[in-house]
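As a basis for the values below, the full set of heavy atoms in this structure was taken, side chains included, without hydrogen atoms, waters or symmetry mates. Note that ligands are numbered from 1 as they come in the structure, with each ligand's atoms numbered from 1 the same way.
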Amino acid sequence: MNIFPKNLIEASDLNKKNLYQIFTKAKYFEENYNPKEKFNDLKGYTVALAFFENSTRTLLSFELAAKRLSAETLNFIASASSLVKGESLADTIRTIDAMLVNMYIIRNQYAGVPYFVSTITNNIIINAGDGKHEHPTQALLDAYTILKHYGKIEGLKISIIGDIFHSRVARSNIVMLHELGAEIGLYGPGTLMPQHLNYWNAILHNNINEVINWSDVVILLRLQNERMQSGLLPSMNEYIKFYQVNLANFTKKDKIILLHPGPVNYGIEVEHCLTKQHNSMIDRQVTNGIFTRMAVMSLLTNIEDK
Ligand code: NCD
């Protein structure tokens, strides 16, 4: 019998076995995808997309994934809700619960909100990104994309470059890719590195050429200005000079792939032309996101597998 968690709040909710269950199911959905026919895994379920923070990819991806599994979806727009009139988050969740919803997909600017919601409702919770904490389904789609490309994750050297400090994508990826047996390298400005680096068991790199030479996979991050409280960089030109991945430093290595969770700030963390090359996985990540999210939603509702 498989033990699958009730909720997906952080990467450590999933062990290696759970992860491969998700990848197998995602592959099944990908191979059997037919735009004219939906899967029935979530028939009879209502999924609330509770996004308290802006999103393009993640929101649309979860909505499509839910619909392709035959769920009903409910779009909760925080800025157009009674939260603006002073209603508490707890009351908002109780109200949505009373509409007989079965699953919440939650994005919020504050770390811990999906966990807090899990203390209010018995319905299934999936974290779609909470503050600087975690974004586990982004890590899942990244891992699935890497697995499809290399046929394995164990033993791969995967670097994460850029604004690690503000990145929930980095936090989920470090935990999940370690669980899958990858080596993790990190590179970014000192002011954008968290203090608890030792805890992560990651290799710290010192310059852009060195980190690229070391890597089989590069995961790039955006400078997340909306999460910065003060100027943490001397200048944008300096960031570009020392941290940008560009034609000059990236194409020296042929067997390497580039991932980015988006949104991409072209000309800052990456040179535009690189994102159009064959080793850029950015568009494939978006497509894979739908299949991996379908897999997670299906497995979380599959009571027989629990
Ligand atoms: C990321 C996010 O929102 O955490 N994007 C995403 O979900 N695709 C990364 C980011 O905002 O830079």
Do any nitrogen or oxygen atoms of Arg222 lie less than 3.5 angstrom from nitrogen or oxygen atoms of ligand 1?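 For ligand 1, there is an N or O atom that lies under 3.5 Å from one belonging to Arg222.
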
May I ask you to list the atoms of ligand 1 that are less than 4.0 angstrom from any heavy atom of Thr58?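 Under 4.0 Å from Thr58, ligand 1 has these atoms: 6 (C), 7 (O), 8 (N).
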
Pairs meeting criterion side-chain hydrogen bond (donor to acceptor under 3.5 Å, both in side chains) with involvement of residues 181-198, two or more places apart: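 Found none.
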
I want to check a possible cation-pi pair here: Arg293 against Phe62, using under 6.0 Å from ring centre and within 45° of the ring axis as the test.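 Pair Arg293/Phe62 counts as cation-pi.
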
Might you point out which heavy atoms bring Ala143 and Phe23 nearest each other, and give the distance in Å?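 Scanning both residues, the minimum pair turns out to be CB-CZ, 3.7 Å.
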
Ignoring hydrogens, what is the shortest heavy-atom contact between Asp130 and Tyr110? Give both atom names and the distance.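 Asp130 and Tyr110 have their closest heavy atoms at CB-O, 3.5 Å.
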
Which pairs would a plain distance check flag for residues 247-254, meaning a side-chain donor or acceptor within less than 3.5 Å of a matching protein atom at least two apart in sequence or in another chain?
| unit_1 | atom_1 | unit_2 | atom_2 | d |
| --- | --- | --- | --- | --- |
| Asn249 | OD1 | Asn246 | N | 2.8 |
| Asn249 | ND2 | Gln244 | O | 3.0 |
| Asn249 | ND2 | Asn246 | OD1 | 3.2 |
| Thr251 | OG1 | Leu247 | O | 2.4 |
| Lys252 | NZ | Ala248 | O | 3.3 |
| Lys253 | NZ | Asn213 | O | 3.0 |
| Lys253 | NZ | Ser215 | O | 2.4 |

Below 4.0 Å from ligand 1: does a non-hydrogen atom of Arg107 turn up there or not?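 Checking ligand 1 against Arg107, which is what was asked, there is a heavy-atom contact under 4.0 Å.
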
Pro261 near ligand 1, heavy-atom distance under 4.0 Å?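 Judged by the 4.0 Å heavy-atom criterion, Pro261 does count as contacting ligand 1.
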
Name the option, out of His135, Gln285, Gln138, that contains the heavy atom nearest to atom 7 (O) of ligand 1.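 Among His135, Gln285, Gln138, the closest heavy atom to atom 7 (O) of ligand 1 belongs to His135.
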
Nearest non-hydrogen protein atom, atom 3 (O) of ligand 1: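 Protein heavy atom with the smallest distance to atom 3 (O) of ligand 1: Arg168 NH2, 2.9 Å.
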
In terms of residue, atom name and distance, what is the protein heavy atom nearest to atom 5 (N) of ligand 1?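 Answer for atom 5 (N) of ligand 1: Gly262 O, 2.9 Å.
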
Test log, rule side chain to side chain contact (heavy atoms under 4.5 Å, CB included), inputs Leu223 and Glu269: CA-CA 8 Å; Leu223 286 173; Glu269 67 267 17; 5.5 Å; no

